[in-house]
Amino acid sequence: MKKDLLVPSRRSVLKGMGAGLAASAFPGYTWAQSAPIKLGFQLHRTGIGAAYGRWYERTAQAALKVVNDAGGIGGRPVEILFEDDATDPKRGAEVVEKLANDGCDLIFGPLFSHVVIGSAPRAGELKIPYLVCSEGYHVASGMLNRWTLQPGITDVRSQVSSMAPWVAANLGKKVTMVYPDYAFGYDHRDFFTEAIKAQGGEVIAQIAIPPTETTFTRYLPQIPAETEVLYHVMVGPAVLTFVKELGDFYGSGARPQIFGFIDSLEAVDTASPGLEFLEGTYFWEAMNRVKQDGQTEAETAYRAAVGVDDTGASVTDAADVSTYSHMFSVWETLHTIKAGMEAAGYQSTADRQKFVEALEAMTTMAEGPGNPQGDKVFNGKTHQVFGHQNISQVTGGKLLRVHRTSIEDGQYADAVDYTTMSF
Amino acid sequence: MSFGPFLLLAVMESLVTAATLALTAVGLSLVFGTMRVVNVAHGEFFMLGAVLAWFVTTSVGGPEWIGFVAALALAPLGVAAVAALADRLVLKRLNYEPEATIVATIGLLYILQQAALTFYGPEARPVEPPFNFRIQFPWFGYSGYKLFVIFAAIAVLLAVWWGLTRSKAGLIMRATQVDRDTARAFGINVDRVYAGVFALGAALAAIAAVLIVPIQQAHYLMGGEPLLLAFITVIVGGLGSLRGTVIAALVIGLSDGLIAFFYSPTLAKILATLLVALVLVFRPQGLFGAKA
């Protein structure tokens, strides 16, 4: 061996040269095989969406690990570039631009509807796929563009449409709505009002609250006394104040039935002092924060991967409550990205259009490791996914599921066909 | 809800706003009156007070009221120390030039805000009230703690008034306010007075924040609104006039609250800002300010 190295034979020299030639002849090919797929993540790390951002980042990291451990996308490793948009629409558009300039294959992850609406047009101009995890009806309404899709979470219109029959049948027909005064809140206002009407009910008062508001008592006397159901959905750093002041306002006196979207309590412990009045009230949940009987295998694996315990808090810090009803969308979107890229034979940014077309061709998503929230139906024309919703009741300080809707409950007629639009 | 109870709730809510606003605005007014410094970072001292209150209450165990009392004592001290340091390191070196200090305090605003973001994080965190007592009226319930806030703020304001008018420190402060050079000629250490006044102004904002943080949550962006309202109050009341500031805080707190109750919060802000514009046009020295 030693001798061979010092005085190589003609054969070994030729072999070595041949191998060297072969290696140098295909550098591009071998490089492309191992170069990672770069996904941009538009993150609400700071600003009013920070509680969501914290968990969206953790969920993205957990999903990334699962995808990479299973061989990446199309055999290529995946990396995610996180960029903070401060939950600010103007910064959002800049973040889209920056991630595109950094060579990201696509961008995903934003939640707050005003940020999505502010950022999506730039993604369309840059012709980069923009996969939002935002719930807003702005995707399916046709307001955005062909490059913007929402394959990870059901939109508000569908959510509230599927809630209305249960609310009307079990809680009451005269509803007062309290919602944030921007696009997301308007989706609730418009479509719940319409949906409850279809059930023979009526929204008797609509109370809009600016999303930057810090005190809420002043709005509460506007709730009419004849209200049978108080419907609340609130977002931002002051949600706990809102719920506490609601509790103070009703005190031990008579109160209507209370039905809330869990957004009003995302990242907040339902057993916080001052929230005792929530006992017996109802919440919409996309995914049950508290582990329910008969939790699926996929959800058990998901819960462990994202580091959430059986009560919905972080396994390392019980005070750090997750945004469980929203963050699954990041996990599911990343798995859909994988499926879409592999179906499109995605190689480089030149294949972005093929990727969007591959997503548009998707129809159903089966419940499983990639879709732990449940099975879904994707509408390629409206770029919107539809899934099951849950209604939970606060029982002993914990959210226990009392109803799960079918996917059909939340279906509505298409308002747009993005596939007929040009890229 | 009928008009009577509605008005009662509106007045109580407005008084809470007015009480904390008075504390914050008096701090701002004191700094301007004595030092002629327009402190744009005042809202961040408020925020810092809330954030420190969170740190103190979470590190002190035992019943909630112990943590709260500790926060009420320590958070304003901490904020005062930061303010005194800022005075020594920044404002003094600028020789208290009015234009330069405005720009410097804008810088300070961002430094404090970003420091809070870095060390405290972007989350809104709750601080438990010292007691959970609810007053149940026939028409609605009301947090007993909110009423406590009103009385606590009145007590602090009385203490400030007493300190300024009856104590030797107050006398020195007023002397410096009237004529800085003559005060110095009489052997008053003006630098120390300035550092003390800046610290006191910040501490008042911090006390307001400690009082309010069990109602709202501590958040790194919470300094914006108190700053805006405090400026409105101080301009209406007359820069440097404590009596004017307190009266203006009451008027603005009550009108803001009542208009927000009966019409809309946006309209309340519009009218308050309009009031500022009218005051600036027709009575630039403020309702109670002396002519410059």
Side-chain angles (χ1 to χ4, degrees), chain A residues 43-55 57 84 86-88 181 207-210 212-225 227 236-255 267-269 272-277 319-321, chain B residues 1-3 5-10 12-14 16-17 20 58 64 113-114 117-118 121-126 128-129 132-146 212-222 224-226 256-262 264-266 268-269:
Chain A
L43 182 66
H44 305 327
R45 187 177 275 147
T46 57
I48 60 168
Y52 288 94
R54 178 171 78 243
W55 282 98
E57 185 169 6
D84 179 24
T87 329
D88 174 354
D181 198 4
I207 303 171
I209 299 184
T212 50
E213 190 60 276
T214 50
T215 165
F216 303 89
T217 303
R218 57 173 69 158
Y219 296 92
L220 303 178
Q222 296 174 30
I223 301 170
T227 300
V239 288
L240 181 59
T241 311
F242 168 71
V243 187
K244 273 187 174 172
E245 293 191 337
L246 191 62
D248 277 330
F249 180 72
Y250 281 116
S252 51
R255 64 163 173 81
V268 173
D269 188 353
S272 300
L275 300 192
E276 297 79 8
F277 80 103
D320 187 1
V321 177
Chain B
M1 195 179 282
S2 55
F3 186 74
F6 197 12
L7 189 66
L8 176 66
L9 183 60
M12 287 194 300
E13 276 293 288
S14 310
V16 175
T17 313
T20 50
T58 43
E64 275 90 22
Q113 198 176 84
Q114 293 305 308
L117 178 59
T118 308
E123 297 87 18
R125 301 178 210 237
E128 289 311 321
N132 272 306
F133 173 67
R134 182 185 290 145
I135 301 168
Q136 188 67 40
F137 294 97
W139 319 277
F140 56 83
Y142 199 70
S143 152
Y145 176 75
K146 283 190 177 175
I212 211 74
V213 79
I215 303 172
Q216 300 175 7
Q217 282 93 55
H219 186 242
Y220 79 105
L221 290 176
M222 73 191 295
E225 196 182 301
D256 185 76
L258 292 175
I259 294 166
F261 249 89
F262 292 106
S264 92
T266 317
K269 291 273 185 305

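Remember, predicted model here, so these are calculated numbers, not experimental data. Side chains are part of it too, since the values below use all heavy atoms of this structure and drop only hydrogens, waters and symmetry mates.
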Select one option (side chain, backbone, both, neither) describing which atoms of E64(B) are under 4.5 Å from chain A's heavy atoms. neither
Selection from E225(B), K146(B), Q217(B) maximising heavy-atom pairs under 4.5 Å formed with chain A: Q217(B)
Residue part contacting chain B, namely of R255(A), when any heavy atom lies under 4.5 Å: neither
Side chain, backbone, both or neither: which part of F137(B) has an atom under 4.5 Å from a heavy atom of chain A? neither
Chain B heavy atoms under 4.5 Å from Y219(A): which part of the residue, side chain, backbone, both or neither? side chain
Quick one: CZ on F133(B) to CG on D248(A), what's the gap to the nearest 0.5 Å? 11.5 Å
For the interface with chain B, which of G53(A), G236(A), G247(A), A267(A) has the highest count of heavy-atom pairs at distances below 4.5 Å? G247(A)
Can you give me the closest heavy-atom contact between G47(A) and Y220(B), atom names plus distance? N-OH, 2.9 Å
Is any side-chain heavy atom of D256(B) closer than 4.5 Å to a side-chain heavy atom of R218(A)? yes
Checking heavy atoms, do the side chain of Q136(B), its backbone, both or neither come under 4.5 Å from chain A? side chain
Determine whether the side chains of Q216(B) and T215(A) contain a donor N or O and an acceptor N or O closer than 3.5 Å. no
Could you go through M222(B) and T214(A), starting from their C-alpha distance and side-chain angles, then the distance that decides it, and tell me whether this counts as side-chain contact (heavy atoms from CB on, under 4.5 Å)? CA-CA 9 Å; M222(B) 73 191 295; T214(A) 50; over 6 Å; no
Output, in order, the C-alpha distance, side-chain angles, deciding distance and verdict of side-chain contact (heavy atoms from CB on, under 4.5 Å) for L9(B) and T217(A). CA-CA 8 Å; L9(B) 183 60; T217(A) 303; 3.9 Å; yes
Could you grab the distance from atom CD of Q114(B) to atom OG1 of T46(A), nearest 0.5 Å is fine? 8.0 Å
Of the backbone (N, CA, C, O) and the side chain (C-beta and beyond), which part of E128(B) lies under 4.5 Å from a heavy atom of chain A, both, or neither? side chain
To the nearest 0.5 Å, atom CG of D181(A) lies from atom OG1 of T266(B) at 7.5 Å
Let me confirm one number: the CG-CD1 distance from L221(B) to I48(A), rounded to the nearest 0.5 Å. 9.5 Å
Contacting region of I215(B) [heavy-atom separation from chain A under 4.5 Å]: both
Pick from Q222(A), K244(A), R45(A), R54(A) with the largest number of heavy-atom pairs that fall under 4.5 Å of chain B: R54(A)
